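One structure is given below, encoded as structure tokens.
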Amino acid sequence: MARVNIARLSATSADFQPRLAGLLRFDAAQDQAITDTVKTIIADIRARGDAALLEMTARFDRVTATSVSDLEIPRAQCERAFQELPQEQRQALSEAAQRIREFHELQRQNSWTHTDAAGNRLGQRISALDRAGLYVPGGKAAYPSSVLMNAIPAKVAGVSELIMVVPTPQGSRNALVLAAAYLGGVDRVFTIGGAQAVAALAYGTPTIPAVDKIVGPGNAYVAEAKRQVFGQVGIDMIAGPSEILVICDGKTDPDWIAMDLFSQAEHDELAQSILLTPDASFIDAVQSSIDRLIDDMPRQQVIRQSMENRGALIQVRSLDEACEIASAIAAEHLEISTDEPERWAAKIRHAGAMFLGRYASESLGDYCAGPNHVLPTMRSARFSSPLGVYDFQKRTSMIEISASGAQHLGTIAATLAYGEQLPAHAKAAELRLKK
């Protein structure tokens, strides 16, 4: 049993802050080669549309077709994929979808109006996006849970048409992904992927209609393509490596905590898993659990590299200090595995999602608890939120001015407009003033 050499830090050490900062530092700098390749792909899709899309699908996915229409999977085929799943998978997928839908229905926002004393009617109208695009990884990295988490809030929001793109390397189609598309209410599915799929969604081709927003995870090329088309369309976020931060009082089974740390480390070598606890002996126990359990993990090499490069077991002075450090880290996933978890959660200012109590493993949030698992990473929880219904809605300000209201407001507007040297603005307001 080879020990996992995960960093062990103490908040009382003089070098704690620089060591923690070094641990959290992640170089998200763009790879110029990827940037240039994606730029070329997008330009080609914009110039040649379907023809370029067919060529790239043949080149990158080794799937040939005579038209992009041949790459579309009918909704009936997605329904058949769902019906043909083993009963256990079908039931699990259905219950997860139902829980995710019920949670997101609570996020719906309503339009509202307010009439002031002068009879001016002001308000906000909430409306859904017309069309959204969902990118889904294909091949080995097939995540039906991500389909549900991205598709369901879009449909709950009222998006009229949801178009999913998913690469199918060498024609390999994942039945769970297609089943999830059916359950999630996806309207159209195209078997295309990569930066070319993002470009097709953003600018449209003769076959694939342009969308208003693109969501969903992908590789570095997909992320870069989303970055480059942002502004032409909306995007959800540019996600970084997965993260988990666990605050524990030392009373939870150390095997549970070790496995929770593994659950993020197994994503990839850049994922980050951190434990904060005031109990030094508990750190020893978790280290022992890590060393004992890792050999049974199919992805043990990925877990080991992730934990040795970016993981940490940190002893703090108190749970209060743990909360301060956690707020500074602003992790994607934060587990509070303590007595009275709500008490400590109230002290946390920044986190993508919080999992309260000893039984709330992060994996439940990934699949079926209900809240969205598309979460801010790389400390962006300081200013951004999980994906939700609100990401597929927009707000329009509504302004109706009464004749009497125009007299008072027009004077204010004209005064400010003259101050900004915009006389046409001022005159437009003054013309409505009673002589």
Side-chain angles (χ1 to χ4, degrees), residues 50 53-54 57 61 63-102 104-105 128-194 196-198 200-201 205 207-209 211 213-218 222 236 366-368 372-374 387 392:
D50 283 353
L53 199 54
L54 288 170
T57 300
D61 293 336
V63 173
T64 57
T66 57
S67 72
V68 174
S69 296
D70 295 336
L71 298 174
E72 183 171 3
I73 299 177
R75 182 165 167 78
Q77 189 172 332
C78 294
E79 180 179 6
R80 187 161 59 251
F82 170 72
Q83 298 296 347
E84 292 176 355
L85 288 177
Q87 182 179 356
E88 186 177 17
Q89 285 186 343
R90 190 167 65 249
Q91 183 174 338
L93 202 63
S94 297
E95 188 166 351
Q98 182 60 26
R99 292 184 61 86
I100 294 165
R101 185 172 292 106
E102 288 174 354
H104 287 85
E105 283 172 348
L129 305 183
D130 290 335
R131 184 183 289 123
L134 166 55
Y135 189 95
V136 178
K140 293 180 180 179
Y143 301 117
S145 58
S146 287
V147 177
L148 298 179
M149 293 290 183
N150 284 272
I152 290 174
K155 299 308 286 188
V156 169
V159 172
S160 300
E161 188 175 28
L162 180 58
I163 298 176
M164 186 174 101
V165 293
V166 54
T168 55
Q170 296 181 308
S172 175
R173 297 178 177 182
N174 186 284
L176 269 172
V177 165
L178 298 184
Y182 167 70
L183 281 180
V186 173
D187 297 288
R188 302 179 71 182
V189 178
F190 289 92
T191 56
I192 58 174
Q196 61 272 22
V198 173
L201 290 172
T205 75
T207 305
I208 297 176
V211 303
K213 190 166 192 173
I214 300 173
V215 299
V222 170
D236 48 357
D366 273 352
Y367 295 105
C368 57
N372 210 285
H373 78 193
V374 181
L387 188 75
F392 299 96

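Note that the structure is predicted; figures quoted are calculated from it, not measured.
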Just wondering, do [Y] and [X] contact through their side chains at under 4.5 Å, heavy atoms?
X	Y	value
I208	L53	yes
N372	P153	yes
L148	L93	yes
V136	S146	no
M149	L387	no
I73	R173	yes
V374	V215	no
D61	T168	no

So if I apply the side chain to side chain contact (heavy atoms under 4.5 Å, CB included) rule between L54 and each of T207, T66, V68, which one comes out positive?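 Checked T207, T66, V68 against L54; only one passes side chain to side chain contact (heavy atoms under 4.5 Å, CB included): V68.
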Identify the two heavy atoms, one from [X] and one from [Y], that lie closest to each other, and give their separation to 0.1 Å.
X	Y	answer
A128	A157	CB-O, 3.3 Å
G218	Y135	CA-CE2, 4.2 Å
G138	V166	CA-CG2, 4.1 Å
V189	A181	CG2-CB, 4.3 Å
A197	V165	CB-CG2, 3.9 Å
R101	V156	CG-CG2, 4.1 Å

With a 3.5 Å distance limit and no angle check, can you tell me whether D236 reaches the backbone of G216 through a side-chain donor-acceptor pair?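 Yes; judged by distance alone, with no hydrogens or angles, the pair exists.
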Check whether any side-chain N or O of D187 sits under 3.5 Å from a backbone N or O of I163 as a donor-acceptor pair, and report yes or no.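 The answer is no, because no donor-acceptor pair under 3.5 Å joins these two groups.
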Answer yes or no: are there more than 12 heavy-atom neighbours, outside [X] itself, under 6.0 Å from its atom [atom1]?
X	atom1	answer
Q91	CD	no
E102	CD	yes
Q83	CD	yes

Calculate, to the nearest 0.5 Å, the distance between atoms [atom1] and [atom2] belonging to [X] and [Y] respectively.
X	Y	atom1	atom2	answer
F190	D70	CZ	CG	11.0 Å
L183	E79	CG	CD	9.5 Å
L176	Q89	CG	CD	4.5 Å
N150	M164	CG	CE	10.5 Å
I100	H373	CD1	NE2	8.0 Å

Given the rule in the side-chain contact (heavy atoms from CB on, under 4.5 Å) test, do V186 and C78 qualify, once you have shown the distances and angles that lead to the verdict? CA-CA 9 Å; V186 173; C78 294; over 6 Å; no
Under 3.5 Å side-chain donor-acceptor pair for T205 and D50: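 The criterion, which ignores hydrogens and geometry beyond distance, is satisfied for D50 and T205.
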Taking salt bridge (Lys or Arg N to Asp or Glu O under 4.0 Å) as the criterion, tell me which of R131, K213, R75, K155 meets it with E161.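 Option passing the salt bridge (Lys or Arg N to Asp or Glu O under 4.0 Å) with E161: R131.
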